[in-house]
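Beneath this line is the structure, given in structure tokens, with notes to follow.
Note that the numbering runs from 1 along the sequence shown for the chain. Just so it is clear, the structure is predicted and the values come from calculations on it, not from any experiment.
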Amino acid sequence: VMAVSPALLLMDRNLLARKQNARLDKQNDLGWKLFGKVPLRENAQKDSEKLQKEYEDKAGRPSKPPSPKQNVRKNLDFEPLSTTALILEDRPANLPAKPAEEAQKHRQQYEEMVVQAKKRELKEAQRRKKQLEERCRLEESIGNAVLTWNNEILPNWETMWCSRKVRDLWWQGIPPSVRGKVWSLAIGNELNITHELFDICLARAKERWRSFSTGGSEAETEDAGFSAADREASLELIKLDISRTFPSLCIFQQGGPYHDMLHSILGAYTCYRPDVGYVQGMSFIAAVLILNLDTPDAFIAFSNLLNKPCQMAFFRVDHGLMLTYFAAFEVFFEENLPKLFAHFKKNNLTPDIYLIDWIFTLYSKSLPLDLACRVWDVFCRDGEEFLFRTALGLLRLFQDVLTRMDFIHVAQFLTRLPEDLPAEEFFASIASIQMQSRNKKWAQVLTALQKDSREMEKGSPSLRH
């Protein structure tokens with residue numbers, strides 16, 4: 001027996017390993033991915049043809065030459081995805097071909113899929129086209145409105161603001177570029193506040209902030225009757241509320257571009273009206289004004305707005321007057337929406353549950369900002385009556401949903417309204433509300449209720465005549 005050297009054995013092993021690897025590679029060349037073929041090498045193609053021939057010989061079917069379609073993806077209008085490829089592709093050569101009926105069925109399914117996809121694409125294209133057309137019409141309408149406001153209405157404000165044409169334009173929404181100017185004129189300045197007065201109040205507020213931050217306790221003569229604790233509580237509440245004002249915009253929070261402006265207006269107001277101080281909800285009103293006016297003008301509008309009877313009643317928490325407003329609201333609620341009114345009464349849903357937040361923030365917290373600004377537009381024109389008409393418009397818009405809810409769900413729904421309110425439907429709902437009860441308008445009903453309240457009588461006898 002001849003001795004075999006270790007080097008020779010090592011060469012044999014390496015050669016054997018290479019042959020095994022080559023066989024494995026050849027096997028791996030043949031295959032079928034779930035969503036497409038693996039490209040076949042020339043030798044692998046010969047093997048697959050041999051396998052196909054053997055299979056057909058066993059099955060007793062005549063052998064057919066492989067179709068070039070088996071290796072070439074058909075030209076399509078678009079690249080087929082996932083199972084679409086499986087529907088259109090023939091089976092690999094090493095598997096039996098599809099029966100004609102199955103192939104026809106798959107082709108029909110594919111064609112149906114293409115038709116449905118094209119329908120969806122067409123529908124989406126039409127929707128986008130309609131959206132673009134609506135946007136163009138809206139932009140054109142706003143552009144025309146801006147010209148009308150700037151060239152015709154604002155130069156002749158005193159004679160034109162109450163005309164039918166202006167009222168109709170007002171209802172459609174004031175263009176953002178002139179909104180601040182129109183609000184200032186509509187709110188007015190009965191308090192005769194000047195920019196200089198704002199600077200004085202702001203300087204006092206800053207001095208007070210410095211005093212509290214350094215721990216100073218010196219009394220301020222102008223705030224006689226108001227404790228340092230009350231003033232400090234107001235300042236802390238302002239800081240807290242600013243951080244919660246339109247948080248999604250990220251412009252009023254610490255470090256935001258409008259943070260200092262909002263802080264200045266609220267601080268100056270606490271110095272201007274220490275008897276009122278700061279009340280939660282004021283930050284939203286001031287923020288909306290800042291978005292449309294310069295800081296001094298926003299302060300003037302803010303102070304005059306809060307001086308209106310309804311706002312003063314709520315911000316000074318005059319319980320008697322607030323109850324009168326709620327009673328007047330219920331008169332028109334029952335008149336316009338009797339079914340929903342009865343449902344609310346049955347479930348003990350009183351107006352204060354949802355109205356307080358709406359009135360305190362003038363809907364700026366409850367509605368999307370662009371919609372809230374449109375409410376403000378008409379509120380500046382019609383006054384406090386429109387705030388309660390808006391509330392009835394909201395209730396009317398959702399009355400079908402609300403009548404199926406219990407106390408808890410109604411309260412939750414009205415304190416957190418849907419974010420996708422349709423503007424035109426909403427204002428159409430408001431327009432359908434009639435602010436007249438037994439031939440009495442809002443102001444007459446409110447006055448009669450105030451008289452009854454003063455006389456401490458139950459019911460509302462003044463309304464019966």
Examine distances only and state if a side-chain atom of Tyr269 and a backbone atom of Phe302 form a donor-acceptor pair shorter than 3.5 Å.
no
Just verifying a value: how many Å separate Asp406 CG and Arg404 CZ, rounded to the nearest 0.5 Å?
13.0 Å
Gln104 (side chain) donor-acceptor with Glu101 (main chain) under 3.5 angstrom:
no
Could you check whether any side-chain N or O of Arg381 sits under 3.5 Å from a backbone N or O of Trp170, counting only pairs where one atom can act as donor and the other as acceptor?
no
Criterion side-chain hydrogen bond (donor to acceptor under 3.5 Å, both in side chains) on Arg273 and Ser303, from CA distance to verdict
CA-CA 9 Å; Arg273 290 298 301 265; Ser303 302; over 6 Å; no
Rounded to the nearest 0.5 Å, how far does CD of Glu385 lie from CH2 of Trp442?
7.5 Å
Compare all side-chain heavy atoms of Trp358 with those of Leu394 and state whether any distance is below 4.5 angstrom.
yes
Close side-chain approach of Leu362 to Leu305, heavy-atom, < 4.5 Å:
yes
Atom pairs and distances, donor-acceptor, side-chain atoms in residues 285-300, under 3.5 Å, two or more places apart:
residue	atom	partner	partner atom	Å
Asn292	ND2	Val288	O	2.9
Asp297	OD1	His195	NE2	3.0

If you count every heavy atom of other residues, nucleotides or ligands that lies below 6.0 Å from Glu190 atom CD, does the total exceed 12?
no
Should Asp168 and Lys165 count as an ion pair when the cut-off is N to O under 4.0 Å?
no
Which value, rounded to the nearest 0.5 Å, describes the distance between Cys162 atom SG and Arg164 atom CZ?
12.5 Å
Counting only heavy atoms not in Glu140, do more than 12 fall under 6.0 Å of its CD?
no
A side-chain contact here means heavy atoms from C-beta on lying under 4.5 Å apart; do Asp241 and Tyr278 qualify?
yes
Keeping the roles fixed (side chain from Ser453, backbone from Leu449), state whether a donor-acceptor pair exists under 3.5 Å.
no
Quick one, Leu446 with Thr324, criterion side-chain contact (heavy atoms from CB on, under 4.5 Å). Give me CA distance, side-chain angles, the key distance, then yes/no.
CA-CA 7 Å; Leu446 187 66; Thr324 304; 3.9 Å; yes
Could you walk me through whether Arg208 and Cys271 pass the side-chain contact (heavy atoms from CB on, under 4.5 Å) check?
CA-CA 9 Å; Arg208 186 180 295 172; Cys271 289; 3.7 Å; yes
Asn307 side, atom CG; Met312 side, atom CE - distance, nearest 0.5 Å
4.5 Å
Could you tell me whether the side chain of Lys118 reaches within less than 4.5 Å of the side chain of Val114, counting heavy atoms only?
yes
For Asp199, is there an ion pair with Arg204 - N to carboxylate O distance below 4.0 angstrom?
no
Counting only heavy atoms from other residues, nucleotides and ligands, does the tally under 6.0 Å from NZ of Lys441 exceed 12?
no
Only residue of Thr361, Thr245, Ile265 satisfying side-chain contact (heavy atoms from CB on, under 4.5 Å) with Ser283 is Thr245
Apply side-chain contact (heavy atoms from CB on, under 4.5 Å) to residues Gln450 and Arg454 and explain how you reach the verdict.
CA-CA 6 Å; Gln450 285 176 316; Arg454 283 193 297 267; 3.9 Å; yes
Evaluate the side-chain proximity of Pro247 to Phe252: yes if any heavy-atom separation is below 4.5 Å, no if none is.
no
Over 12 foreign heavy atoms within 6.0 Å of CD, Glu134:
yes
So Asp377 and Trp183, side-chain hydrogen bond (donor to acceptor under 3.5 Å, both in side chains) or not? Walk me through it.
CA-CA 7 Å; Asp377 290 343; Trp183 284 2; 2.9 Å; yes
For Trp161, does the CH2 atom sit with more than 12 other heavy atoms under 6.0 Å from it, leaving out its own atoms?
no
Can a donor-acceptor pair be found, under 3.5 Å and without considering hydrogens, that links the side chain of Ser211 to the backbone of Glu207?
no
Of all heavy-atom pairs between Gln253 and Ser243, which one has the smallest distance, and what is that distance?
NE2-O, 3.2 Å
Starting at CH2 of Trp157, measure out to OG1 of Thr159 and round the result to the nearest 0.5 Å.
10.5 Å
Not counting sequence neighbours, which residues clear side chain to side chain contact (heavy atoms under 4.5 Å, CB included) with Val279? List them please.
Met282, Phe315, Phe360
OH-CD1 distance between Tyr258 and Ile251, expressed to the nearest 0.5 angstrom
6.0 Å
Sorted by chain and number, sequence neighbours left out, side chain to side chain contact (heavy atoms under 4.5 Å, CB included) with Ala423 holds for Leu371, Arg374
Do the non-hydrogen side-chain atoms of Ser366 and Asp357 ever get within less than 4.5 Å of each other?
yes
Minimum heavy-atom distance between Trp209 and Gly267, given as atom pair plus value
CZ2-CA, 3.6 Å
Can the ring centroids of Phe333 and Phe344 be said to lie less than 6.0 angstrom from one another?
yes
Tell me, with the steps shown, if Ile430 and Val378 meet side-chain contact (heavy atoms from CB on, under 4.5 Å).
CA-CA 11 Å; Ile430 296 173; Val378 189; over 6 Å; no
When you measure from the side chain of Asn304 to the backbone N and O of Leu191, does any donor-acceptor pair fall under 3.5 Å?
yes
In plain terms, say whether Glu124 and Arg127 are close enough for a salt bridge, that is, a side-chain N and a carboxylate O under 4.0 Å apart.
yes
Please find the pair of heavy atoms, one from His343 and one from Met405, that lie closest to each other, and give the distance.
NE2-O, 2.8 Å
Using the side-chain hydrogen bond (donor to acceptor under 3.5 Å, both in side chains) definition, which of the options Asn347, Asn348, Asp352 pairs with Thr350?
Asp352
Shortest non-hydrogen pair, Leu340 vs Leu402, comes out as CD1-CB, 3.8 Å
Report yes if the side chains of Asp370 and Cys373 come closer than 4.5 Å at any heavy-atom pair, otherwise no.
no
pair Gln126-Lys130: side-chain heavy atoms closer than 4.5 Å
no
Say whether, by atom type as modelled, one donor and one acceptor occur between the side chain of His259 and the main chain of Ile242 under 3.5 angstrom.
no
Sub-3.5 Å donor-acceptor pair from the side chain of Ser437 to the main-chain atoms of Lys440, do we have one?
no
Does Phe388 have its ring centroid less than 6.0 Å away from the ring centroid of Tyr325?
yes
Can you name the nearest heavy-atom pair linking Glu425 to Leu397, along with the distance?
O-CD1, 4.0 Å
Under 3.5 Å, is there a donor-acceptor pair between the side chain of Trp149 and the main chain of Ile174?
no
Does Lys239 offer a backbone N or O that forms a donor-acceptor pair with the side chain of His263 under 3.5 Å?
no
Between Ile187 and Ala301 the two heavy atoms that sit nearest each other are CG2-O, 3.9 Å
